[in-house]
2 protein chains.
Amino acid sequence: MAQPKCRQIADELRERIVSGALRVGDRLPTEPQLQEQYGVSRNTVRDATALLVHEGLVESVPGRSGGMLVREKVTLTFHAHRAEMPGPTAETDAWRSEVEQQGYEATQEFRLTIEVLPGELAERLKVEPESAAVLRRCVRFVNGQPSSVQDTYYPMDLAEKVPELLSPRDIPQGTTRLLAERGYKQVAYYDEYVSRMPTPEEATLLRLQPGTPVLHYIRTGYTEERPVRVSVTPFAGDRNRIVSTHGDASIIARFRPEEEPR
Amino acid sequence: MAQPKCRQIADELRERIVSGALRVGDRLPTEPQLQEQYGVSRNTVRDATALLVHEGLVESVPGRSGGMLVREKVTLTFHAHRAEMPGPTAETDAWRSEVEQQGYEATQEFRLTIEVLPGELAERLKVEPESAAVLRRCVRFVNGQPSSVQDTYYPMDLAEKVPELLSPRDIPQGTTRLLAERGYKQVAYYDEYVSRMPTPEEATLLRLQPGTPVLHYIRTGYTEERPVRVSVTPFAGDRNRIVSTHGDASIIARFRPEEEPR
DNA sequence: CAGTGGTCTAGACCACGCG
DNA sequence: GCGTGGTCTAGACCACTGG
């Protein structure tokens, strides 16, 4: 068998989706229908649809009127260069206003904990491995659906100098601005982007369908003197896009006016 | 059953991997061993390992001395802000020198075609949908393994003014520099990052294991006057990381000296 | 209720690749 | 050869959810 049956079936269904014969929200044929149509066993049909699910093209909805649905591709755009850069809006509000500007509803859940800093992150902050850090976690929802989790770690010594960092509530003006007011103005950012499959925790937190990767975004912020914080943000890959610009922003604005805030 | 058997098995195996009991390159127990150990059927064992494969933790190697292996996590770092920015090195050489600096071997395959521009990209270049464009494709290999595919599209009218763009060979000084010499100096970039599962073509081209997402990177380059090119680069998610910086680069260099080129 | 997909079993044959 | 995983079959029971 040059091509396994499950792949042939998947290929035909995929073709129907990308060609537009099946549109977003449409139901694929049910498993019994596909068994009949291709003359294969149920498991083979399931192997085929599993391929499409893991490609992120299709999602399964349980129940009587459920089935395998062609998946929606929403994309919320997150502007890396805009967030937290000097400007009129505070950082958390920056995210909120981005979302609302794009016509969605934004909500957040905040939590503060003290954590032992994983080695990977200690290295970015240039502190001892295993040292303590303040973790400010913000789970961000778009239209009630979890969209990303921003975990920001501050070295413990910084939290002693800026005790508001230990406030277990969202800081209205944004922590970046607060730090700037306290003499810790961030003037450089180191951004990393990775695409990977979610850990089970991430899958739960972001309510990810099987076959959905995360876009992992790590930002390290520096003052003139030192790194002061590292933010680790897994974005649900199927619902987010990160945008960043370099060079003369006014040119971008000319050709992408929709990108301008406000 | 609160927790399906296949997940319990996957959880235990995952735990052994993340805890370090199983290291990169180690073999998981074979299917018969797991059947025996957990008292389940072979399909259940396979459902369990399939979960790990789709999480990107494990890969299967066929043959007598194959099996399910804990997967290696290489990460090549690609510096978005460095590539193509004014500097001494040309753009393709920039990639090559990045790879070699990180201790790997770099090879590339180049191909030129004329394509009908997909609507998505036509929009970025501000040309009519369905218009023709020059596609310069570069498949990039690290240690002989495909790592990313850079597809760069130039509007046809630009190719008429800069006919070297139609050269079916790699352009030694780099197309960005060539364009600059011809009066099309790019002064602004619009970068987009998306994480998603590969299309079958991408999976083939990048030889992706099941469960490997791609990090999709799209850069639109602008002169003072207009967008002149759009590069679409799917990176194999398991082998790449993209880095970008904002603000005062000298501060980054102080804390991450390894990041400095040369 | 009836029909959807989710999980599981117990078999079978095959392609691969090391020894 | 022979053990690895890859594919497939034909059954079974279950959880979920709209009508």
Side-chain angles (χ1 to χ4, degrees), chain A residues 1-13 22 25-71 200 203-204 207-212, chain B residues 1-13 22 25-71 200 203-204 207-212:
Chain A
M1 211 171 307
Q3 184 81 319
K5 289 185 193 174
C6 60
R7 262 197 224 175
Q8 284 177 21
I9 299 172
D11 287 349
E12 293 197 25
L13 292 172
L22 285 168
D26 284 355
R27 291 174 51 165
L28 264 52
T30 66
E31 290 177 353
Q33 284 169 344
L34 290 171
Q35 285 183 59
E36 170 74 15
Q37 185 175 342
Y38 290 96
V40 297
S41 74
R42 182 169 172 225
N43 279 349
T44 302
V45 166
R46 288 182 60 72
D47 287 347
T49 53
L51 285 171
L52 300 177
V53 168
H54 285 119
E55 283 170 26
L57 280 178
V58 152
E59 69 184 316
S60 76
V61 173
R64 176 79 156 84
S65 73
M68 309 297 299
L69 305 190
V70 178
R71 201 158 147 182
T204 305
R207 288 182 221 143
L208 297 176
Q209 294 274 330
T212 309
Chain B
M1 210 171 305
Q3 184 81 320
K5 290 184 194 174
C6 60
R7 263 196 224 177
Q8 283 177 22
I9 298 172
D11 287 348
E12 292 196 26
L13 292 172
L22 285 168
D26 284 355
R27 292 174 51 165
L28 264 53
T30 65
E31 289 177 353
Q33 284 169 346
L34 290 171
Q35 284 182 60
E36 170 75 15
Q37 186 175 340
Y38 290 96
V40 297
S41 74
R42 181 167 172 227
N43 278 349
T44 303
V45 166
R46 287 183 59 73
D47 287 347
T49 53
L51 285 171
L52 300 177
V53 168
H54 284 118
E55 284 171 24
L57 281 178
V58 153
E59 68 182 318
S60 76
V61 173
R64 175 79 155 82
S65 72
M68 308 298 298
L69 306 189
V70 178
R71 199 157 149 182
T204 304
R207 288 184 222 141
L208 297 175
Q209 294 274 330
T212 309

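Convention: sequence-line order gives letters A, B, ...; per-chain numbering from 1. Scope of the values below: all heavy atoms of this structure, side chains included, with no hydrogens, waters or symmetry mates.
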Take the protein atom [atom1] of [X] and the nucleotide atom [atom2] of [N], then report the distance between them rounded to whole Å.
{"X": "A/E59", "N": "C/dG6", "atom1": "CD", "atom2": "P", "value": "11 Å"}
{"X": "B/R27", "N": "D/dT4", "atom1": "CZ", "atom2": "C1'", "value": "7 Å"}
{"X": "A/M68", "N": "C/dG3", "atom1": "CE", "atom2": "C1'", "value": "15 Å"}
{"X": "B/E31", "N": "D/dC2", "atom1": "CD", "atom2": "P", "value": "20 Å"}
{"X": "A/L51", "N": "D/dG6", "atom1": "CG", "atom2": "C1'", "value": "12 Å"}
{"X": "B/Q3", "N": "D/dA15", "atom1": "CD", "atom2": "C1'", "value": "15 Å"}
{"X": "A/Q33", "N": "C/dT4", "atom1": "CD", "atom2": "P", "value": "7 Å"}
{"X": "B/Y38", "N": "C/dT7", "atom1": "OH", "atom2": "P", "value": "18 Å"}

With the criterion being N/O to N/O and under 3.5 Å, what pairs connect the protein with nucleotides 9-12 of chain C, and how long is each?
| from | atom 1 | to | atom 2 | distance (Å) |
| --- | --- | --- | --- | --- |
| C/dT9 | OP1 | B/K5 | NZ | 3.1 |
| C/dT9 | OP2 | B/S41 | N | 2.8 |
| C/dT9 | OP2 | B/S41 | OG | 2.8 |
| C/dT9 | OP2 | B/T44 | OG1 | 2.3 |
| C/dT9 | O4 | B/N43 | ND2 | 3.0 |
| C/dA10 | N6 | B/N43 | ND2 | 2.7 |
| C/dA12 | N6 | B/R42 | NH1 | 3.0 |

Looking only at atom types and distance, does a side-chain atom of [X] sit under 3.5 Å from a main-chain N or O of [Y], one as donor and one as acceptor?
{"X": "B/T204", "Y": "B/P200", "value": "yes"}
{"X": "B/T44", "Y": "B/V40", "value": "no"}
{"X": "A/E12", "Y": "A/I9", "value": "no"}
{"X": "A/E36", "Y": "A/Q33", "value": "no"}
{"X": "A/R42", "Y": "A/P32", "value": "no"}

Starting at the 5' end of DNA chain C and moving along, which residue's nearest nucleotide shows up first, A/R64 or A/R46?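 Looking at the nearest nucleotide for each, A/R64 comes out on the 5' side.
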So that I can tick it off, tell me whether A/E59 and A/R71 are bridged by a salt bridge, with the cut-off set at under 4.0 angstrom between side-chain N and carboxylate O. no
Quick check for you: among D/dC8, D/dG18, C/dT7, whose closest atom lies nearest to any side-chain atom of A/S65?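 That would be D/dG18.
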Within the structure provided, determine whether B/L22 and B/L28 are in side-chain contact (heavy-atom separation under 4.5 Å).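 Counting from C-beta outward, B/L22 and B/L28 do come under 4.5 Å.
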For D/dG5, does OP1 or OP2 lie under 4.0 Å from any side-chain N or O of B/S60? no
What contact category does A/G67 fall into here, base, sugar-phosphate, or nothing, at under 4.0 angstrom with non-hydrogen atoms?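 It contacts sugar-phosphate atoms only.
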